[in-house]
Amino acid sequence: MKILLLDTEKFEFKAIEPESSVYDEFEKGKSESFRDVLVAFVTLEKGDDDSVFDNVLSDISDYMSKIGRKDLIIYPYAHLSDELLPSSQAIKLYNSLVDFLKKNGINVIKAPFGWNKSYTVQIKGHPLAESLRTYKAKKGKKVSFTPKEKFYKFFVIDSEGNEYEIFKEKLDEYDVLNKNPALKRFVQNELIGKETHKEEPAHIKYMRKLELVDYCPESDIGHLKWFPKGVVIRDLILDYAEQLAMEWGAIKMQNPLIYRTDVEAIALLQGEFHERDYKIEGEDMVLRFASDPGAFPFVQKVSLSYRQMPFKVYEEAQCFRKEQSGEVVGLMRVRSFLMTDHHAFCQNEEIAKKEYYELSKLFAKLMNDIISGEHWVLGFEIVDEYYEKYKDFFKQIIKDIKKPAFFKLMNRMTHYYAFKNEFQAIFPDGNNLQISTVQWDVKNGERFNLTYMNEEGKKVFVPIIIHASSFGSIERALASMLESAAWQEKEGNVPLLPFWLSPEQVRVLPVSSIEHLEYAKKIANEIDKKGFRVSIDDRDITLGKKVAEAKSDWVPILVVVGAKEVQSGRLNVVNRIGAKIGKEPSVEMSIEDLLSLLDKLQAGMPKRKLSLSMYLSKRPKFI
RNA sequence: GCCCCGGUAGCUCAGUCGGUCAGAGCGACUGCCUUGUAAGCAGUAGGUCGCGGGUUCAAAUCCCGCCCGGGGCUCCA
C-alpha cells in the first residue's frame, strides 16, 4: 500500500462518471471542496490486506498532530504503483480502511472509489507538506475489521404460513420452536451461538472405524485420504447426483482446477469469496475456490438463445479453500472438497421461480431419504425487499416441504444473491451443518457478461441465475449420514448407512469356514451377479465373532449358512435395517426371496462394485 | 490465526513430582479347536514414547521451538 500525503490549502474534486466495474455509490457530477485538510492519495497493491491498518493509523495520526490538521481526505488513487490490487478486492479494503480510521477517531472524508474524477490541489509551502509512505502486509498476522450484524430481523414461518418474529432474548417462549427442537437448536446456534461440547463429532470416530476416510498428515490440513469403502460411497453419491442433474435437464461440464487472478472475472469472484485462496507461489494463479470461476467463463462463451433457456449446467467441482487451521474439523470443514454444483441461467422470474421451487423440493427429499433422516431444518437469508416481493412463494415452498423455516433478513445485498436457502443438518451434539442450498442471483448475469438472444433478436443479460448444490459437498454429505447413524444409535436403533450406500450390503457367514464355505460361495455369487456388494466371512473364527464384526462394520443384511441351510437349501437372513440394537430379527427364506428383498431395499438406486476381495480373509486392515 | 488439552506398537490406551517404564487389550502372524447369531485357547513378532533442540550422571517423564489431532474463540462464500 502506498500513501501520498499532501497538506493542502485547498482541495477540490469532482466525480465525472464510474470507470471501473466496481465503484462506490456517488452522485454523478457532484463536486466537493475543502480548506486546510490533509489529503491521502491511497494506492492498494497486490498482496495488501488489513494487517497494515495499524501502521497506517499511527503514522497518519502522528503526522496530523505534527502539522495540526483535523480532517483527512482519503482519495483512492491508482497511479502510485503498477502492481494494483484487483478493483473488486480494492474497493472492500479501501472501505474497511476508511471505517477503521473513523472508528479510531480520525475525521475521515472519503472520495468515491471507481470513479473518473477531476481534482485541483493547492499545497502548503512547508517542508512536511508532501510525503510518500509505503506499507507492506504482515505475513500470518491478519486482523479482521469486517463489520458484523448484517441481519436485522429474524422470524419463523410454519407450514400453515404463519409468521413468528423471533427475539433471541426469549427463545424459550415460542411454541413453534418448542414443537420443533431441531429448528430451535438451529435458531439458537444462529442467534446466540453454539453450545460448547467437549467431545469430538461422532462422524470423525465413524469415518475411521468403518475405514472410509482418514486424515492425511503428509498433505496439508483438511485434505483427506479415502479408503476403498469410502471411495465406493463417494462414487455412488456422484452417480446419483449426476443422475438427478440429468433428469433436471443439465448439461455436465468439467472445468480446470487452477485459475488466473489477473483475469477480471476471477478477481471479482475472489473478492466475493473471502480471500481464503490457495495461491500458487510465483504465479498469479489460485486453486479453484468455488464452482463459479469455472462455470461463469464457461457459460459466457456459450451462444445461447431464448430457445435453449433456461440453460442448466452441472459440475463436480473440486474446490480448495485455505480455511484457518483452527476451523478445520473432520469432514465438516475441510480445505479440499468436492461439490455437486448446479446452475440454471433463467430468462425471467417465472422460470427462475419454477427452478428454485423444484430444486428446493428435490433437496428436501434428499435430506429426508439419504442425508439426514428427519434431523434437518430449513433456513433462509433474504434481502428485505425480496422478502416482500416473494413472501407467498416462500410460504408455498415451506408448505410443500412440510417443515417450518427460519428467516434472516438483511437490509442490503451483501453477496451476489438476493436470497438463498440452506438445508442444515442437525447433529446429535447440537451442531448444525449446511448441506444443500439454492440461491437466487440477480447480479452476476450482468457482472460477468452472461447473455442470450431474446425473441426480438436482442442480446440481453441473463437476469437471474439459480445457484444450487444437491449434496453440498461429498464430504459434508458423508459427515451428515454418519451423524444421522449416530442419531439412530442414540435412539436405540441399529446405526447404518442407507442401504444403497453401504460399502458391504450383504455378508454371508458360514458357520464353519471349512464345511460350509462352498455353499456360502454359491449364495454370494448369486447375490454378486445381481450387482449387490456382498462379502463372505471365510475366516477361521467362531460364528459369534463373525456376527459381532459384521454388526460393528454396519453391514445391513447378514446371511448365516450352516449344516441346516446346506441341508434345506434355504437361508437364515438377518435384516438389521430399522431394527432395535440387540433385537435384529432373523428370518428363514429362499435365495429368491432374499434377492427380491435386496431389490426392494435398493429401490433403483445406483450400484457399484467395491474394490475389495469378496473374501474377508483377503482384505487387509487399513486402520 | 489465537487460547486450552492431547500425541506411547497397525488400533484403543496405561505408565510422567526424572532412575527395572518399554506395558496391556484388540489387530497381525503361528499352532490347537471346526465352531449356530456381539468377541474360543495358547504362543510369536511389532515401538526413534509426534519431530528437533536444551537441562541432567540419567528424559516417554522437565524446558524451548515446530508438526499433527480435539475443544473453545474468530470464521463459515
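Labels below follow one simple rule: chain letters A, B, ... track the order of the sequence lines, proteins then strands, and each chain is numbered from 1.
- Atom name P, nucleotides B:C76 and B:A60: the rounded distance is 45 Å, in whole Å.
- Comparing B:A38, B:G36, B:G71 by their nearest atom to the side chain of A:Val329 picks out B:G71.
- To the nearest 0.5 Å, atom OG of residue A:Ser586 and atom CZ of residue A:Arg576 are 13.0 Å apart.
- Place A:Ser513 and A:Gly582 on RNA chain B by their nearest nucleotides, and A:Ser513 ends up nearer the 5' end.
- With a cut-off of 3.5 Å on both Watson-Crick or G-U wobble distances, the partner of B:G19 is given as B:C57.
- Taking only side-chain atoms of A:Thr542, from C-beta outward, the nucleotide of B:G27, B:G40, B:G71 with the closest atom is B:G40.
- Note on A:Tyr417: only backbone sugar-phosphate atoms sit closer than 4.0 angstrom, heavy atoms only; bases stay farther off.
- At the heavy-atom level, A:Gln424 lies nowhere under 4.0 Å from the strands shown.
- For B:A58 and B:U74, the C1' atoms lie 45 Å apart once the distance is rounded to whole Å.
- Here A:Ile514 lies in heavy-atom contact (under 4.0 Å) with a base.
- Residue contacts for A:Lys621: at a heavy-atom cut-off of 4.0 Å it reaches the sugar-phosphate backbone alone, with no base atom in range.
- Anti is the glycosidic conformation of B:G36, whose angle departs from 0 by more than 90°.
- Residue A:Ala563 is classed as a base contact, given a heavy-atom separation below 4.0 Å to a base.
- A:Gly544 comes within 4.0 angstrom of the backbone, heavy atoms only, and of no base.
- The residues A:Arg335 and A:Glu323 are annotated as not salt-bridged, no charged nitrogen and carboxylate oxygen being separated by less than 4.0 angstrom.
- If you take CZ of A:Arg539 and P of B:A28, they are 7 Å apart, rounded to a whole angstrom.
- Rounded to whole Å, atom C1' of B:G36 lies 14 Å from atom CG of A:Asp537.
- Figure legend. B:G40 is base-paired to B:C32; pairs are counted as Watson-Crick or G-U wobble with both atom distances under 3.5 Å.
- Of the candidate nucleotides B:C26, B:U37, B:C68, B:C68 has the atom lying nearest to any side-chain atom of A:Ile221.
- Pair check for B:G46 finds none; no Watson-Crick or G-U wobble contact set falls under 3.5 Å.
- Atom CZ of A:Arg208 and atom P of B:G69 are 11 Å apart (whole Å).
- Within 4.0 Å (heavy atoms only), A:Val334 reaches no atom of the nucleic acid at all.
- A close approach under 4.0 Å does not occur between any side-chain nitrogen or oxygen of A:Lys205 and OP1 or OP2 of B:C11.
- Within the 4.0 angstrom heavy-atom criterion, no nucleotide atom of any strand lies near A:Lys546.
- As rounded to the nearest Å, B:C13 and B:C2 have C1' atoms that lie 30 Å from one another.
- Distance alone, capped at 3.5 Å, places no donor-acceptor pair between the A:Arg539 side chain and the A:Ser617 backbone.
- Using a 4.0 Å heavy-atom cutoff across all strands shown, A:Leu558 reaches no nucleic acid atom at all.
- Distance noted for atom C1' between B:A14 and B:A24: 7 Å (whole Å).
- Here the P atom of nucleotide B:C3 and the CD atom of A:Glu327 are 16 Å apart, to the nearest Å.
- Within the 4.0 Å cut-off from OP1 or OP2 of B:U37, not a single side-chain nitrogen or oxygen of A:Arg576 is found.
- Rounded to whole Å, the C1' atom of B:U48 lies 14 Å from the corresponding atom of B:A59.
- Nearest-nucleotide positions on RNA chain B for A:Ser219 and A:Cys319 put A:Ser219 closer to the 5' end.
- Classification of the A:Phe296-A:His467 ring pair by plane angle, with boundaries at 30° and 60°, yields perpendicular.
- For the C1' atom pair drawn from B:A45 and B:C4, the interatomic distance equals 40 Å after rounding to whole Å.
- In this entry B:A24 has B:U12 as its Watson-Crick or G-U wobble partner, both defining distances falling under 3.5 Å.
- One atom, CD of A:Glu489, and another, P of B:A38, lie 16 Å apart when rounded to the nearest Å.
- One N or O on the side chain of A:Ser360 and one on the backbone of A:Tyr356 form a donor-acceptor pair closer than 3.5 Å.
- Here B:C73 sits opposite B:G1 as a Watson-Crick or G-U wobble pair (both hydrogen-bonding atom distances under 3.5 Å).
- For the pair A:Leu543 CG and B:U34 P, the interatomic distance rounds to 16 Å; values are reported in whole Å.
- Taken to the nearest 0.5 Å, the NE2 atom of A:His415 stands 12.5 Å off from the CG atom of A:Asp441.
- Comparing the P positions of B:G6 and B:A22 gives an interatomic distance of 23 Å, to the nearest angstrom.
- Note on A:Pro201: only backbone sugar-phosphate atoms sit closer than 4.0 angstrom, heavy atoms only; bases stay farther off.
- Counting non-hydrogen atoms under 4.0 angstrom, A:Gln324 reaches a base of the nucleic acid.
- The residue A:Leu509 sits apart from the nucleic acid: no heavy atom pair falls under 4.0 Å.
- Protein atom CG of A:Asn431 is 12 Å distant from nucleotide atom C1' of B:G71, rounded to whole Å.
- To the nearest 0.5 Å, atoms CG (A:Asp277) and OH (A:Tyr259) are separated by 13.5 Å.
- The base of B:G1 does not come close enough to the side chain of A:Glu323 for any donor and acceptor atom to sit less than 3.5 Å apart.
- Note: A:Phe423 and A:Phe363 have perpendicular aromatic rings, judged against thresholds of 30 and 60 degrees for the angle between ring planes.
- Looking at heavy-atom distances under 4.0 Å, A:Val574 makes contact with a base.
- Using a 4.0 Å heavy-atom criterion, one finds that A:Phe337 contacts the bases of the nucleic acid, with or without backbone contacts as well.
- For A:Arg276 and B:C76, a side-chain-to-base donor-acceptor distance below 3.5 Å is absent, hydrogens and geometry of angles not being considered.
- Between B:U55 and B:C63, the distance separating the two C1' atoms is 7 Å to the nearest Å.
- Between A:Ser586 and B:U37 there is no side-chain N or O to OP1 or OP2 distance below 4.0 Å.
- The CZ-P distance, from A:Arg333 to B:G69, rounds to 15 Å in whole Å.
- Of the candidates A:Glu504, A:Glu211, A:Glu549, A:Glu504 is the only one forming a salt bridge (Lys or Arg N to Asp or Glu O under 4.0 Å) with A:Arg619.
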